[in-house]
Amino acid sequence: MDPYLPDELLIRGTEINYLFICKTKLWYFSHGVTMEQESEWVDLGKFLHEKSYFGEEKNIKIGPIAIDFIKKGDIIEIHEIKKGRSMEKAHEMQALYYLYYLKRLGIKAKAILNYPKLRETKEIILNGHEEDVERAIKEVEEIKSLSIPPTPVKSKKCKKCAYYELCWV
Amino acid sequence: MRKRSLTLLSDGTLSRRENTLYFENAQGRRPLAIEGIYDIYVYGHVNITSQALHFLAQKGIAIHFFNHYGHYDGSFYPKESLHSGDLLIKQAKHYLDKEKRLKLAKLFVVGAGRNMEQNLKRWKVKVSFDGLLKELEEVEKITDIMNVEARIRQKYYALWDSVLPKGFKIIKRTRRPPQNEMNALISFLNSRLYATIVSELYNTQLSPTISYLHEPGERRFSLALDLSEIFKPIIADRVANRLVRQGVIKKEHFRDDLNGVLLNDDGKRIVLRAINEEMRKSVRHPKLKKNVTKQRLIRLEAYKLIKHLVGGQEYEPLVAWF
Ligand code: SF4
């Protein structure tokens, strides 16, 4: 990690994502209680440091996700390939967080969410959403700092959630 | 692919060539689909090449070793992949705080007692351990909890004996080495169960070395000993009971050894098949509203413990409803 990286950027993309899915899940995840095959999202921060810089790298596969970093002039495109729209808000916020992250590092970028099954794409730009990201970061920090996990609330999401057994046993 | 436990009972060699794991014994060499292996239980004399070990470590597969008597010797356990510093601290806190430790230790004994009671009811023996379990409430020392547990167990074995066929009475529960058939059978099954609990704990963030009823360091994976209190009656004892009462396991499946009685190879084969099947049997979980295998119940117990430790929900030991 960049030693000068501000604290709020030590949050992982997954945590922003989980904030918009379930707070219980976020709490467990951020306290190290992860479930098997819990590798849905790439941690961009880690990735940037491992791969140093983007260059012309394409189609980087990490777990089940493919990301393209394409350098276009001074704009970088982050491509995320998604299965469906059910978690759209979470995906968008995670992408916005990455863009915010990159901006703080002085890198201009935009994100594209790809839905190959739906033959659709969605472009995400940070402009105007900075405050949303900052609010999300703050909320993540608040939930992480709770001394006990938020009480789970049963919803449709639970059925497919890797934490189902932990929450409901 | 549904992952399964692999049991190696015969002597042989476990090796790796390219991306395939092979087991070679007197019958020949057969490839093993690594993606389908959950964990491995080794009862025979098995040579394992270091390449095979590297491969298993890479895939996160634990191997458990058993001695001549079928007692647990130890495990090869891939470098731990799941960590949570936070949970580890909470686990230790619950050990160091006397009240917190006593609470958990008692709950393990309550679970054990209730499950023994359930077994006896299944076997049509009238019993209630209420009196003994009530004593637990007042107790303030781990050794006293252990003492209550021992008394419950004593009573349990004596009552169980009343339904066991002649020649298979437990009489006095002995261990290391077992002095009679039923003791040999129970020990063999308990060892296998213990190893399975080790496997399940490996797949969680719980540290298997911090325990509550048993003293940490008493044996290496003392948390597996704590959990085995709950599962011995409902898994090992039930299998043992069934095998002897249905006459599947007979006197001829044992032999006398210099130091005691032990299962012979045929006996081990039968018992291992039975316990493997038992672990894969599923029951409807009333809370989760889905079917889970008996083996999965162990994992669920670990999850309940995690929730207790982080303050999400108080631990309630599993009492068999099935
Ligand atoms: S099972 Fe439901 S409540 Fe639990 S973490 Fe998942 S979504 Fe949240």
**Q** When heavy-atom pairs shorter than 4.5 Å are enumerated against chain A, which of L87(B), I306(B), V292(B), L300(B) gives the highest number?
**A** L300(B)
**Q** Just checking, any donor-acceptor pair under 3.5 angstrom between side chains of S282(B) and N291(B)?
**A** no
**Q** Are E123(A) and K110(A) close enough for a salt bridge, meaning some N to O gap below 4.0 Å?
**A** yes
**Q** Whether the D39(B) and Y77(B) side chains hold a donor-acceptor pair (N or O, under 3.5 Å, no angle test) is what I'd like checked.
**A** no
**Q** Is Y164(A) close to chain B through its backbone or its side chain, or both, or neither, when contacts mean heavy atoms under 4.5 Å?
**A** both
**Q** For E301(B), is it the side chain, the backbone, both, or neither that has a heavy atom closer than 4.5 Å to a heavy atom of chain A?
**A** neither
**Q** Side chains of I112(A) and I124(A): closer than 4.5 Å at any heavy-atom pair?
**A** no
**Q** For S147(A), is it the side chain, the backbone, both, or neither that has a heavy atom closer than 4.5 Å to a heavy atom of chain B?
**A** backbone
